[in-house]
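We name chains A, B, ... by the order of the sequence lines, and we start the count at 1 in each one. All values below come from the heavy atoms of this structure, side chains included, with hydrogens, waters and symmetry mates left out.
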Amino acid sequence: MAETISLTLPDGAKRDYPAGTTGAEVAADISKSLSKAAIAVSVDGELTDLSRPLDRDADFAIHTIKDEAQALELIRHDCAHVMARAVQEIWPDVKVTIGPVIDNGWYYDFDREEPFTPDDLERIEKRMREIINLRDPVRTEVWPRDKAIRFYEDNNEPYKVELIEAIPGDEDLRMYWHGDWQDLCRGPHLAHTGQIPADAFKLMSVAGAYWRGDSSRPMLQRIYGVGFRSRQELKAYLTFLEEAQKRDHRRLGREMDLFHMQEEAPGMVFWHPNGWMIYRELRAYIQRRQDAAGYVEVNTPQVVDRKLWEASGHWDKYQEHMFIVEVDEEHAQEKRVNALKPMNCPCHVQVYNTGMKSYRDLPLRMAEFGSCARYEPSGALHGIMRVRGFVQDDAHIFCTEAQIESETKDFIDLLSSVYADLGFTGFKVKFADRPEVRAGEDETWDKAEAALKSATEAAGATYELNPGEGAFYGPKLEFVLTDAIGRDWQCGTLQVDFVLPERLDASYIGEDGHKHRPVMLHRAIVGSFERFIGIMIEDHAGKLPFWLAPRQVVVASIVSDANDYAENVVAALKARGIRAEADLRNEKINYKVREHSVGKVPVILAVGLKEVEEGTVSMRRLGDKGSKVLPLDTVATDLAAEALAPDLARKTG
RNA sequence: GCCGCUGUAGCUCAGUGGUAGAGCGCAUCAUUGGUAAUGAUGAGGUCGGCAGUUCAAUCCUGCCCAGCGGCACCA
């Protein structure tokens with residue numbers, strides 16, 4: 001070890017210290033105020049404790065609470081420790097497990113017989129504040145693993161023992177203390193508990209979670225917390241949560257009268273006229289785009305004999321998740337067992353397999369908006385986002401291996417254009433390559449992965465790797481959208497499949513006059529319409545773009561003498577393809593404006609005696625404060641243009 | 001599926017071992033008004049379902065169903 005080490009500060013200045021000097025000592029050497037404000041240091045970009053001895057030349061930075069990323073990481077991390085200590089002080093029998101930092105906060109998993117109650121959370125929070133006020137210094141030591149294992153065995157912390165045993169190699173472990181409380185942790189940590197802002201965290205909820213994420217292992221209790229640097233930041237986050245709640249598609253679905261769900265059909269959507277209008281518009285748009293992109297559309301049965309599912313391999317793997325339909329046929333020897341189709345692909349191969357296919361028929365792009373049913377586990381259901389009955393913008397492209405690349409590129413182009421039309425300007429691409437357990441030769445995988453990669457690049461898309469997450473039958477691309485409040489949604493997909501054509505014996509006659517296997521590309525752009533509409537509702541907070549809005553215009557009369565004129569206005573708008581309705585109720589205009597604003601109607605046209613006389617309307621846009629009086633013709637022309645779906649608008653120019 | 005919580009009027013929610021309330025919405029009447037709630041009156045409930053305890057259960061107990069928050073799952 002060098003006697004002297006040289007630290008390069010962020011401003012470029014170099015400072016020399018004896019090896020073994022700690023970050024805290026460096027901070028104290030620079031200034032007294034920095035010494036007080038310091039919470040951690042970075043050594044060559046790596047965040048670490050103030051108390052850690054420095055042993056080499058490095059780029060060096062001292063962090064205070066002003067360094068947001070580092071501060072939040074440390075605060076949340078130490079909140080997890082403080083919470084675990086609070087829990088163990090209140091209930092000494094509780095066993096601790098793990099407690100990582102997550103978006104906006106942290107969680108910690110505990111093993112305790114009794115469930116934690118909301119009152120318990122308050123109690124824990126209070127104790128946490130007390131611990132923070134103690135300003136206990138954080139201390140770490142490096143222990144050999146044997147010693148650590150013995151320590152946790154003696155202290156009856158079996159989960160910690162298991163954690164250590166799962167750490168590969170025989171590296172030493174870092175043990176953590178604040179006060180008398182101990183945990184296994186590699187850090188980094190704050191200098192003392194008092195550096196946690198005591199008024200900027202909140203315990204949010206308790207939930208069950210499997211030990212090590214494995215559903216065959218014990219269910220632990222997970223307490224979630226959120227933590228920030230200041231009370232203001234916490235408050236801002238809580239306000240954000242309230243805003244997010246207001247755009248919940250389940251709530252908006254009810255308020256806008258889009259759909260409902262009920263006990264008799266869990267996970268199935270009852271679409272109301274308003275919601276179904278969105279669905280129809282979106283589906284018609286996708287249909288037009290796919291027609292234009294050279295797809296053919298088919299429709300295949302929903303109830304299909306188990307034999308087909310056995311042949312495709314689904315019966316084996318997904319039987320538990322299929323709706324089974326048994327039919328007693330009067331003269332049959334045994335019951336006929338069918339399944340509601342969970343997906344379209346096996347049926348598409350049946351259509352493909354009729355007649356002889358030639359290489360001249362490829363690529364064959366077969367689309368279907370087919371109703372699928374999957375018996376999803378009850379706990380997975382979530383509004384219309386995760387359902388048991390759904391329709392995808394599903395299609396299978398039968399092609400040769402040589403065509404994978406151009407088909408992929410064409411698909412990504414189509415998908416980008418559709419996403420842009422739907423208001424999602426950017427999307428991420430993930431490339432999921434071969435999983436450990438897979439079908440097919442490595443050589444085939446090489447070819448498929450290479451084709452998929454170069455096609456993705458040719459389409460101008462950058463991707464991140466999602467290693468080992470491909471389907472068992474082939475690599476896949478996942479397309480991920482980000483919504484208005486920053487949440488990611490995986491919607492589109494493209495999967496290369498060599499297995500199903502084999503299993504279901506699909507073939508074509510090649511140029512050489514011999515039989516060949518086609519490749520199948522499974523692909524979807526929006527994924528399920530149900531889920532995508534849910535995403536659109538939340539993304540727009542219910543204020544859908546005009547062409548998708550189920551109710552586009554309400555013409556509201558101000559006095560009953562304007563009722564006839566209001567009806568005429570509605571007729572004029574309808575004649576131009578606009579979804580317009582009249583509100584002639586005996587209510588004040590304030591009342592009507594409020595009701596239709598709450599109902600997210602994009603345009604309200606108020607008409608009173610003045611408008612009747614002048615042939616005008618008073619137009620108010622959703623979200624605007626005021627209104628504008630305009631000639632009816634102008635409004636009708638403008639709104640008719642606005643009502644066109646993006647692809648139709650492009651055609652009209 | 002697993003852990004926890006919840007289920008009362010169309011919606012949001014109070015409430016009680018002696019069969020129930022508010023606001024909004026709905027209906028009727030009055031009001032004809034100018035851009036986010038006009039007033040009055042009225043109707044509306046097997047208190048999620050099935051058992052049990054009790055003289056008596058919406059309330060207590062058990063089982064089931066559904067929803068919510070997570071976990072696991074997502075062909």
Look for any protein N or O under 3.5 Å of an N or O in nucleotides 22-24 of chain B and output each such pair with its distance, or none.
none

Next on the checklist: Counting only side-chain nitrogens and oxygens, does A:R620 get under 4.0 Å of the OP1 or OP2 atom of B:rA36?
Outcome noted: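 For A:R620, the contact criterion (side-chain N or O under 4.0 Å from OP1 or OP2 of B:rA36) is met.
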
Checklist entry - Looking only at side-chain N and O atoms, does A:R254 come under 4.0 Å of OP1 or OP2 in B:rU12? => result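 Answer yes for this pair, as a side-chain N or O of A:R254 is under 4.0 Å from OP1 or OP2.
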
Give a yes-or-no answer on whether the side chains of [X] and [Y] include a donor-acceptor pair shorter than 3.5 Å.
{"X": "A:Q350", "Y": "A:T300", "answer": "no"}
{"X": "A:D257", "Y": "A:N274", "answer": "no"}
{"X": "A:T493", "Y": "A:Q495", "answer": "yes"}
{"X": "A:E478", "Y": "A:N466", "answer": "yes"}
{"X": "A:E157", "Y": "A:Q88", "answer": "yes"}
{"X": "A:W211", "Y": "A:E162", "answer": "yes"}

Next on the checklist: Contact list please: residues 593-603 of chain A against RNA chain B, heavy atoms, distance less than 4.0 Å, in numerical order.
Outcome noted: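 Those residues are A:V593, A:R594, A:S597, A:V598.
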
Item to check | Strand contacts (RNA chain B) in residues 303-325 of chain A, 4.0 angstrom heavy-atom criterion | outcome: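 RNA chain B contact set from residues 303-325 of chain A: A:H314, A:Y318, A:H321.
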
Checklist entry - So A:F259 and A:F270, ring-ring contact (aromatic ring centres under 6.0 Å, His included) or not? Walk me through it. => result CA-CA 5 Å; A:F259 57 82; A:F270 290 76; over 10 Å; no

Does [X] reach a base, just sugar-phosphate, or nothing at all? Heavy atoms under 4.0 Å.
{"X": "A:K610", "result": "base"}
{"X": "A:P115", "result": "sugar-phosphate"}
{"X": "A:Q392", "result": "nothing"}
{"X": "A:G213", "result": "sugar-phosphate"}
{"X": "A:L609", "result": "base"}
{"X": "A:I558", "result": "base"}

Next on the checklist: For a quick check, with a 4.0 angstrom heavy-atom cut-off, what is the B/S/- contact string for nucleotides 60-70 of chain B, read 5' to 3'?
Outcome noted: -----SSSSBB

Next on the checklist: Before you tell me yes or no, could you show the steps for A:E538 and A:K246 under salt bridge (Lys or Arg N to Asp or Glu O under 4.0 Å), namely the whole-Å CA-CA distance, both residues' side-chain angles and the distance that decides it to 0.1 Å?
Outcome noted: CA-CA 9 Å; A:E538 300 205 356; A:K246 283 186 198 152; over 6 Å; no

Checklist entry - Considering only heavy atoms and no angle criterion, is a donor-acceptor pair shorter than 3.5 Å present between the side chain of A:R217 and the base of B:rA72? => result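 It does not, because no donor-acceptor pair links the side chain of A:R217 to the base of B:rA72 below 3.5 Å.
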
Checklist entry - So what is the 5' to 3' dot-bracket string for RNA chain B, if pairs are Watson-Crick or G-U wobble with both distances under 3.5 Å, crossing pairs use [ ] and | means the partner sits on another strand? => result (((((((..((((....[..)))).(((((.......))))).....(((((..]....))))))))))))....

Checklist entry - P atom, B:rU28 versus B:rG21: distance in rounded Å? => result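 After rounding to an integer number of Å, I get 25 Å for this pair.
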
Could you tell me whether [X] and [Y] have a side-chain N and a carboxylate O separated by less than 4.0 Å?
{"X": "A:R621", "Y": "A:E642", "value": "yes"}
{"X": "A:R250", "Y": "A:D248", "value": "yes"}
{"X": "A:E242", "Y": "A:R247", "value": "no"}
{"X": "A:E310", "Y": "A:K307", "value": "no"}
{"X": "A:E320", "Y": "A:R374", "value": "no"}
{"X": "A:R620", "Y": "A:D624", "value": "no"}

Next on the checklist: How close do A:P342 and A:C372 get, counting heavy atoms only, and between which atoms?
Outcome noted: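 For A:P342 and A:C372, the tightest heavy-atom pair comes out as O-CB, 3.7 Å.
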
Checklist entry - Which whole-number value in Å describes the distance from A:E587 CD to B:rG39 P? => result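 Rounding to the nearest Å, CD of A:E587 and P of B:rG39 are 10 Å apart.
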
Item to check | A:D505: partners by salt bridge (Lys or Arg N to Asp or Glu O under 4.0 Å), with sequence neighbours left out | outcome: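 Result, salt bridge (Lys or Arg N to Asp or Glu O under 4.0 Å) vs A:D505: A:R517.
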
